[in-house]
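Okay, structure first, notes after.
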Amino acid sequence: MKSKAGLFTQSCLLVFQGLSLQKQAAVFPAYDREKSQKLSPKGFGIMSEIDALKAQLESLQSEALAAFSAAGDSAALQQLRVHYLGKKGALTEVLKGVGKLPPQERPVIGQHVNLAKATLSAALDECEAELALKGKAARIEAERLDVTLPGRNKSPGALHPVQQGLDEITAIFAQMGFAVAEGPEIEDEFHNFDALNIPPEHPARAMHDTFFLKELTHGDDAEPMLLRTHTSPVQIRTMKRFLAENGEPPLAVVAPGRVYRCDYDVTHSPMFHQVEVFKVDRDVSMAHLKGVLKHFLSTYFEKDVGIRLRPHYFPFTEPSAEVDISCVFCAGKGCRICKGSGWIEVLGSGMIHPNVLRSVGVDSSEFSGFAFGLGVERLVMLKQGIPDLRLFFENDVRFLRRMGVSK
Amino acid sequence: MKIPFSWLKTYVSLTATPAQIADDLVRLGHEVEAVELPRAAVKGVRVGLITSKMPHPDADKLSLLKVEIGEAEALDIVCGASNMGEGDKVPVATIGTSLPGGLVIKKGKIRGEVSCGMCCSEVELGLADESAGLLILPADAPVGAEVGEYLALEEAVFDLSITPNRGDCMNARGIARDLAADAGLPFTDVTPAAVAIDAAVATPSVTVTAAQDCPVYMARAINGISLADSPEWMQAALIMAGMRPVNGVVDVLNYVMLTMGQPMHAFDADKLSGDIAIRAAASGEAFAALDGRELKLHAGDLVVCDDSSVIALAGIMGSEPSGVSDVTTNIVLESAFFRPARVSETRRTYAMVSEASMRFERGVDPLMVATAMGQATAMIIDLFGGSAGEIAVCGDATAINADRTVLCSLSRLESRLGVEIPQATDEVLARMGFTLSRQGDALEVTVPSFRHDVSIPEDLSEEYARVIGFDAIPTLLPPLATTAPAKTDRSIHDAVAGGFLQVVTYAFISAGEQRLFVADDGLDIALANPISDAMSVMRRSVWPGLLNTAKRNLNRQQPGVALAEQGRTYVRSDRGHDEENVLAWLMTGEVESDQWYGHARAADFFDLKGAVDGWLALRGLSGRFIADDSILGLQAGQSAKIMVGRVEAGRIGRVDADLADQFDIDAPVFVAEINLDLLPTGKQAKFVPLAEFPGVERDLVFLFDRGAASDAILNAIRSAGGKLLTEARIFDLYDGKGVPEGKVSLGIRFTLQDGKRTLTQADSDAASSAIIAAMDKRFGAALR
């Protein structure tokens, strides 16, 4: 800053000095009014009047040209233009001497004067153009920036990686024609369990590590309310609502949301995110389930992933299947992540149990459906190579910034 | 559940490798968590042929052996045993082998003679505790073969996760039956040896008054046993299967349970008084459980009693006093079927899990109740002597799950699976115990008693799918319906676009944190079973979570943070509860860092207000920020409610400094929240012709009393400025030198514009005069 300001001050000074009267002699060295007046009478004896004028013109021209090229800036040039070519300028002075010439010689010297005028004028234009160029070059040089300095920029925000996962997953299903639905996180036992074919004494109910809520009950039986352990209750709620509005299937729904399990260690978070996907229509088959899974998983992982269904048990589907994908880290060859098996378990799925359809009033002899629920954190961890579930909920801004960069 | 491979082989002669069996199990729906190889340590021990035996030149008791192990050169081995001779075949631990005792074989010199391995006894192979000398192998043992493979010493143990619907597979027999059926191999069931009944041994009589919960109960007395530890093979087997040996009787019962699937119990007959009754517990009845707990039972719990006390919580755990101990000589065995739901409920009530309860609640095979009794009796008498009395029986096991027939349409099943069901799969199901008949499209299936999980056609579709293999089902995209695309919620995305980092914090916070921003009005929703006090109440404000996140990051040397979170808050309401969708912000510390173009700057109120304003503007809304000194947890004078339209949609302000201090944050902390559910839908922008005539801009500087609210001033200017006024803003705020005490100088710039004409000096003068008059009238403010 300091050096730049200094330069600026100096150039200002120069311009100012150029304009100052005291320095005129220095600026216009080729012209001295007294000197030329003294010269003229002296020359009468030696040469003719016209020759004297010619000589005077020539010397004036060469003086002027020298002065032009010596001029430091366009303001000085402007001064010179006035000085030589102005109404009261030097050339006009010379023309005054024309009156002393015989009339027949006057046009001759007139031509000379006009020629000199044109020459000087052209020279002035040229000098001006040159000066302008120089000036621009100098300005450009003076304004030169270090373009590698950082831009003036607020640090950008970032979407949480789980949000990115939810967005991506939901979008894939939305593009396949699944409607997006949501449901409450505080649920009753009917929607979280009973309607999903998990009666109170069912062993699967215990596996859900349910959080119950104090003094918050539902219905006449004062059933305790709970934090939903999965997004499957949205299946029940959405089907009930849909059927009330439309009478009967088809419907296809994707339901993202937060779920809770009373389990907290290195690989379990008491709160996490799931996406529930289901479709109910005539003749929906397990082959369709596989088709949708394959399409979804290949789209999400941006490669053609192999899928493997393993028979499993979920109360709300029959048949039920755990779904593995060919390991995205070793392409199925076997590595640390897939524990050498070449497969990674990603979600649970199946054909919706007739009891579930019955609980919402769908005739299971006419309609069938598939459903699956996927863990968002797990998919994001696999896709982004995040090693530890806890990172998602620590919210270290370095992690968030790093993972917030989306392609 | 752990099942040793060798147990499976007693039911079916499986030739596949453990890895192949594991794959088959997975395909059949039995998740294999691990295949353990407990005796893998004998790897490297090979069958060696002794070709020469010479005395050691320097030691009387040592021999120099040359042993062939099928490689180019015979091994020189120095050996201290004496029971071997030339031509014998012995196990040779080659160099590098590590033996079960932990010994690693190295090349070495023994009294000056090179030894390249070790000939082994049964002790060194971990097969016995003592031995007289080397293990001499049969003459036909193949030289060079792995001894472990040759002797079938190698054991694989399948660690299985049996799904809750397959109680029949919580044992070796059930798994073997599935594998045999799948592989088409014969299944050989274990038949218990006949037991002689001693009429002198009196079994207590059994009465069941809760027949629904206990459809069959069997008891048998065995008197005069000499209780000892169970044999080593059984102890080793139990340990492999993941159980701890206890005493001879208990071990036998556990072994029977693990192999046949029927949990049993033994009482010390001398500790019982009178007969056995199975009934519902009385409320408050006492029970001293085997695990040391003293329970007060609930009415409805199913109990086994003698004349004086509860001797077992049925199917879950016996009582401490009635249990078998070292001095027991007379026992009563129990074998029964308890209703799964009953066991499950009681088990959960007392948070009591046992191997027995796990099986009962998944459903045992009713037909095994008697078989297991026979097997256990035979084994106990065989191992520990004694004589058995008659079996006292209550109920009929064959009536349980009997004759269940499922009728269905084959084409419906095929449509459900999306694949054809070949006739051949019926044979596999038949081997699994089903009886099937096809009549065109009609399929009739009789379900065996142990498959209580199969009762409807959809259940059969799963059975077929397992047999066909899920891999054989094609992969098809269903016909896709199109739906009207839902409007996606861009709330958090827009907050992030404003430079904030999205965080996700837990929906439960501590009760103390709840009180920071929400007064105690009894509307909190607390968890009945929280993980910890720090996660015990459903949040009613997102701010505590954000403060904790800020604290954690500032502790990690971040100079400042700008955080946003979208999530729900939870509160009791007339409807029971409400979940509100909230967007919250937090800013603290540096918003701008030291840079070549400027200095670091700490966040202030207007940074956050600007962010909220900008966020509202993106959805076609504008907020009015109304100073509110009464917001709990926020500093008076730096807090406001945010009105959007007529709705109080949110709040903003500086966190009380003492409160921020609780989070170890020194810098001012600013927070805001918007209740997204209350937010009106913004107006979609509508086209308005762009003004063709230039506007006129005028500046006026007034002296206002300190405390005049700028939005009130601007509103007054807007109304005074008339229709031509298109914009008014404060471009300067000054209260320094030259401004009288108690006053503040505000510079106001306003723009006048008319779409139809160019404005004149008279127009702007008129507006200026009107504004000046309004400022005077409304605020007593004069031009400066």
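Letters A, B, ... are given to chains in the order of the sequence lines, protein chains preceding strands, and every chain is numbered from 1. Computation of the quantities below employed the complete heavy-atom set of this structure, encompassing side-chain atoms and omitting hydrogens, waters and symmetry-equivalent molecules.
- Using a 4.5 Å cut-off between heavy atoms, Asn553(B) contacts chain A through its side chain alone, with no backbone atom that close.
- Of all the listed residues (Gln175(A), Arg398(A), His273(A)), the one sharing the greatest number of non-hydrogen pairs under 4.5 Å with chain B is Arg398(A).
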**Report entry** Trace of the side-chain contact (heavy atoms from CB on, under 4.5 Å) decision for Leu546(B) with Val542(B)
**Finding:** CA-CA 6 Å; Leu546(B) 290 178; Val542(B) 181; 4.1 Å; yes

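- Pro184(A) touches chain B through backbone and side chain together, each having a heavy atom under 4.5 Å away.
- Atom CZ of Arg402(A) sits in a sparse spot, with 12 or fewer heavy atoms from other residues, nucleotides or ligands closer than 6.0 Å.
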Please evaluate residues Arg601(B) and Glu592(B) with respect to the criterion salt bridge (charged side-chain N to carboxylate O under 4.0 Å, His left out), reporting the C-alpha separation (whole Å), side-chain torsions for both, the decisive distance (0.1 Å), and the verdict. CA-CA 5 Å; Arg601(B) 192 171 67 76; Glu592(B) 280 163 29; 3.5 Å; yes

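- For chain A, no part of Pro340(B) is nearby; none of its heavy atoms comes within less than 4.5 Å.
- Between Phe173(A) and Phe178(A), the angle of the ring planes goes over 60°, which puts this pair in the perpendicular group of the 30/60° scheme.
- Looking at Tyr260(A), the atoms closer than 4.5 Å to chain B (heavy atoms on both sides) all sit in the side chain, from C-beta outward.
- Contacts of Leu251(A) with chain B are absent, with no heavy-atom separation under 4.5 Å from either backbone or side chain.
- Between the side chains of Arg358(A) and Asn355(A), a donor-acceptor pair is found at a separation under 3.5 Å.
- Here NE2 of His353(A) is found 9.0 Å from CD of Glu462(B). Values are rounded to the nearest 0.5 Å.
- Met358(B) does not touch chain A: none of its heavy atoms, backbone or side chain, sits under 4.5 Å away.
- If you tally non-hydrogen atom pairs under 4.5 Å between each of Ser155(A), Pro354(A), Pro200(A) and chain B, the highest count goes to Pro354(A).
- At a 4.5 Å heavy-atom cutoff, the contact between Arg416(B) and chain A is made by backbone and side-chain atoms alike.
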Exercise. Take Ser269(A) and Glu377(A), measure what side-chain contact (heavy atoms from CB on, under 4.5 Å) needs, and give me the verdict at the end.
Key: CA-CA 10 Å; Ser269(A) 166; Glu377(A) 282 83 356; over 6 Å; no

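- Of all the listed residues (Glu345(B), Met535(B), Gln595(B)), the one sharing the greatest number of non-hydrogen pairs under 4.5 Å with chain A is Met535(B).
- Residue pairs satisfying the salt bridge (Lys or Arg N to Asp or Glu O under 4.0 Å) criterion with at least one member in residues 155-177 of chain A, sequence neighbours excluded, are listed as follows: Glu168(A)-Lys383(A).
- A donor-acceptor pair under 3.5 Å links the side-chain atoms of Glu565(B) to the main chain of Thr505(B), judged by distance alone.
- Per-residue counts of heavy-atom pairs under 4.5 Å with chain B were compared for Glu322(A), Arg308(A), Arg258(A); the largest is that of Arg258(A).
- A donor-acceptor pair under 3.5 Å is formed between the side chain of Glu414(B) and the backbone N or O of Ile421(B).
- Heavy-atom distances place the side chain of Ile456(B), and not its backbone, under 4.5 Å from chain A.
- At a 4.5 Å heavy-atom cutoff, the contact between Glu458(B) and chain A is made by backbone and side-chain atoms alike.
- Your options are Glu31(B), Arg412(B), His30(B), and the one with the most heavy-atom pairs under 4.5 Å with chain A is Arg412(B).
- For a residue to count as touching a neighbouring chain, one of its non-hydrogen atoms must lie under 4.5 Å from one of that chain's; by this rule Val503(B) touches chain A with backbone and side chain alike.
- Contacts of Arg572(B) with chain A are made by side-chain atoms alone, with heavy-atom separations under 4.5 Å and no backbone atom involved.
- Counting only distance, with no hydrogens or angles, the side chain of Glu580(B) and the backbone of Val571(B) share no donor-acceptor pair below 3.5 Å.
- The part of Glu182(A) that comes within reach of chain B is its side chain, from C-beta onward, which places non-hydrogen atoms under 4.5 angstrom from that chain.
- Within the 4.5 angstrom heavy-atom criterion, only backbone atoms of Phe500(B) (N, CA, C, O) approach chain A.
- Side chain of Asp524(B) to main chain of Ala526(B): no donor-acceptor pair is present (N/O by atom type, distance under 3.5 Å, no hydrogens or angles).
- Interface residue Phe508(B): only side-chain heavy atoms are found under 4.5 Å from chain A.
- In terms of non-hydrogen atom pairs under 4.5 Å with chain B, the most contact-rich of Gln163(A), His295(A), Lys294(A) is Gln163(A).
- For Thr549(B), the part lying near chain A is the side chain, with the backbone staying farther off; criterion is any non-hydrogen pair under 4.5 Å.
- Counting heavy-atom pairs closer than 4.5 Å to chain B, the top-ranked of the candidates Glu318(A), Met225(A), His288(A) is Glu318(A).
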